[in-house]
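The sequence lines fix the lettering, A, B, ..., with proteins before strands; numbering per chain opens at 1.
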2 protein chains.
Amino acid sequence: MKATIYDIAKEANVSIATVSKVINGKGRISAEKRREVLQVMERLNYQPSMIATALAGKQTFTLGLLVPDISNPYFAEIARAIEDQGHRTGYSVVICSTDNRDERVEKYIGLLLKKSVDGIVIGTGVDNSELVQRLLNRKIPVALISREMPDLPVHTVVVDDDLGGRMAAEHLLDLGHTRFGVLAEDLKVASSRNRVRGFRRALDERGIAFRESDAVICDFQIAHGKAAALGLLGAADRPTALFCCNDLLAIGAIQAAKELGLRVPEDVSIVGFDNTILATVTDPQLTTIAQPIEHMGKQAVNLLMQDLEEREAAKSRLVVRPELVVRQSTGPA
Amino acid sequence: MKATIYDIAKEANVSIATVSKVINGKGRISAEKRREVLQVMERLNYQPSMIATALAGKQTFTLGLLVPDISNPYFAEIARAIEDQGHRTGYSVVICSTDNRDERVEKYIGLLLKKSVDGIVIGTGVDNSELVQRLLNRKIPVALISREMPDLPVHTVVVDDDLGGRMAAEHLLDLGHTRFGVLAEDLKVASSRNRVRGFRRALDERGIAFRESDAVICDFQIAHGKAAALGLLGAADRPTALFCCNDLLAIGAIQAAKELGLRVPEDVSIVGFDNTILATVTDPQLTTIAQPIEHMGKQAVNLLMQDLEEREAAKSRLVVRPELVVRQSTGPA
DNA sequence: TTGAAAGCGTTACCAT
DNA sequence: ATGGTAACGCTTTCAA
């Protein structure tokens, strides 16, 4: 059987209170007893039970992470960032893939609550904001990453999507393009909306026309991007440059271009968003707007920690700067 | 404050024992009281604390998952498979990225132990098998996925690597190739070793020569694969077909081929292993040996559950069949 | 400086 | 059919 605090106490001829104190470095314990207790703990290979610690009113040192799908490279990278920063600060993280379905979100949130996690990072869409509100009511620290819920007082870490869209536009404009197409994810998602908005504004400022019909909305997977791009690039007055709201869509666009016999970037330039590993694997490699995912994950966890220390802390909204990564999918018009 | 079992008991005018019984559907409770208790639970929005449940001697309903890096698409897909099956059976999963470093493995295992997880899935290399032995001593259910530790009595789920290597070879042989190269991961890893062995045996059986120097060992990332392939394909008597022990290496090989001005598959055929999402993103899309990851994850969790029910259960070794997925990176010699 | 004892929220055994 | 209560392993307060 696993050694308990009682075993240690008995073996060291002290009370469990004393043992507890040396474990946590609290109270005043004579150097002698401390040494002895430590020794016994070592000898019995004692590991305090975090379950008991948690029940006794402290923390569980566990965070929940809600993402649409951990097997999607973008979210997998977020997960790694959250895991690393969590680990550094003593927390482990439970993954929850929601498939963007509110019923799953609800089930997972319930589960995390039952498990008394110390905080939750939300990187998934939540249609029913009441679900998140429930967490706030219970004073559970929450941080959104790469998502926004403007109506809720909640920590948020996002990339500057508007700026990202603008960067994409300016890169393409600088290359001399004038006819553009956009592949947007579901515009209900704020980030997608903002990326498109930033892109369009930049065009506006340079006096370049952009019609509603130049932007097509699609789901977020490769196949959808391909289908949408096929439409855009198949038209008579096809755009010479495409801005895609994520790397998956951009990959679909590359595939579409090839299928139509168009060369990338000679005939059509393509810009993605996210800079996942996928962007380095395509041919041509993808020019894309990079999110500093590691940094964002770190900040999200830090905000949670802040909340943990001082429950009423003001809620922050961190907007981090994206970066244009020029690879081979873009070229002169 | 969160409602506890006491609140429910008081509100429903019953004892906490009764409440506990209706929660768990144990003992005999009159339909009337049951209804009433249920009603109160509903009204007070009561959620039993899994912490307390766990302390009271039951399970934590948590599994640990050790992988080298959750942001690697292959492991991200494994994680999703484990998460799904875990979720189905009522368990949540804690991710642990080890970077293949034993010190991190050790730290994470210690953490999982302190948290009293009910089982651990290991999908990472562990040099010091004593670390795993420790888990077995403590009777913690363990399942290896995609890894082997032949010396230890532990559940194991692996793809038939030997067969996978053979499938790759036969596919290439059928296309008429006779000069082969191999990109192998570190041969300390059994799976890599077996893939190469299967590949070589198949060549042997058809009487095709393969020299030691045709196989090059490298680390497991794109850049390493590229460097190694550059060597192989740059030689005067270059191979016309390359078998790579994972998709990342294969991607590196494709990049190397292009850099050398070789066309894939016209000048050189390339076969990968794993069939991650990356294989669908390259150009040409990658012919690869697919692992049924979802199925493997499911089985690994099931084995854990078996162990949970009957600690002394015999240890299984499941070998699942890989599948050749022909895409565009292979063609006639 | 040390220890006794009261929680923390459950489960499970034993009475009633 | 229901309830009282010990136990799970720890933290914390209060006395000594």
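In this structure, CD1 of A:Ile16 is placed 13 Å from C1' of C:dT2, rounded to the nearest angstrom. One atom, CZ of A:Arg28, and another, C1' of D:dT12, lie 16 Å apart when rounded to the nearest Å. Note: CE (A:Met41) to P (D:dC10) measures 10 Å, nearest angstrom. Following rounding to the nearest Å, A:Asp7 (CG) and D:dC8 (P) show an atom-to-atom distance of 11 Å. A:Lys10 places its NZ atom 13 Å from the P atom of D:dG9, with the value rounded to the nearest Å. With rounding to whole Å, B:Lys114 atom NZ is found 14 Å from D:dC10 atom C1'. Note: CG (A:Asn13) to C1' (C:dT2) measures 13 Å, nearest angstrom. Atoms NZ (A:Lys115) and C1' (C:dC8) sit 19 Å apart, rounded to a whole Å.
Within the nucleic acid shown, B:Ile23 has no heavy atom closer than 4.0 Å to any nucleic acid atom. Nucleic acid contact for B:Val14: sugar-phosphate only, since backbone atoms but no base atoms lie under 4.0 Å from a heavy atom of the residue. Residue A:Gln59 is out of contact with every strand shown, counting any heavy-atom pair closer than 4.0 Å. Nucleic acid contact for A:Lys21: base, since at least one base atom lies under 4.0 Å from a heavy atom of the residue. Contacts of A:Ser20 with the nucleic acid, taken as non-hydrogen atoms under 4.0 Å apart, include base atoms. Within the nucleic acid shown, B:Leu55 comes within 4.0 Å of at least one base atom, counting heavy atoms only. Contacts of B:Ile51 with the nucleic acid, taken as non-hydrogen atoms under 4.0 Å apart, are absent.
Between A:Ala56 and B:Ala17, the residue anchored closer to the 5' end of DNA chain C is A:Ala56, taking for each the nucleotide with the nearest heavy atom. A residue-by-residue look at B:Lys33 and A:Asn24 shows that B:Lys33 has its nearest nucleotide of DNA chain D further toward the 5' end. Mapping A:Gln47 and B:Thr18 onto DNA chain D by nearest heavy atom places B:Thr18 closer to the 5' end of the strand.
Side-chain atoms of B:Asp151 and B:Ser129 form no donor-acceptor pair, as typed in the model, at a separation below 3.5 Å. A donor-acceptor pair shorter than 3.5 Å cannot be found between the side chains of A:Ser116 and A:Thr60.
Salt-bridge annotation for B:Glu294 and B:Arg80: absent, with no side-chain N of the basic residue lying under 4.0 Å from a carboxylate O of the acidic one.
The phosphate of C:dT10 (OP1 or OP2) has no side-chain N or O of B:Thr53 nearer than 4.0 angstrom. One finds a side-chain N or O of A:Lys26 lying less than 4.0 angstrom from the OP1 or OP2 phosphate oxygen of D:dT12. Phosphate proximity of C:dT2 to A:Ser30: present, with a side-chain N or O under 4.0 Å from OP1 or OP2. Proximity of B:Thr4 to the phosphate of C:dG9: no side-chain N or O atom is located under 4.0 Å from OP1 or OP2.
Counting heavy atoms from C-beta on, the side chains of A:Leu318 and A:Thr156 never come closer than 4.5 Å.
Residues passing the side-chain hydrogen bond (donor to acceptor under 3.5 Å, both in side chains) test with A:Tyr74 are A:Ser146, A:Gln291, sequence neighbours excluded.
Interface remark: the A:Tyr6 side chain does form a donor-acceptor pair with the D:dC10 base, using a distance-only criterion of under 3.5 Å. On a pure distance criterion of 3.5 Å, no polar donor-acceptor pair joins the side chain of A:Lys2 and the base of D:dG9.
Taking the six-membered ring for Trp and thresholds of 30 and 60 degrees, B:Phe61 and B:Tyr91 have ring planes inclined between 30 and 60 degrees apart.
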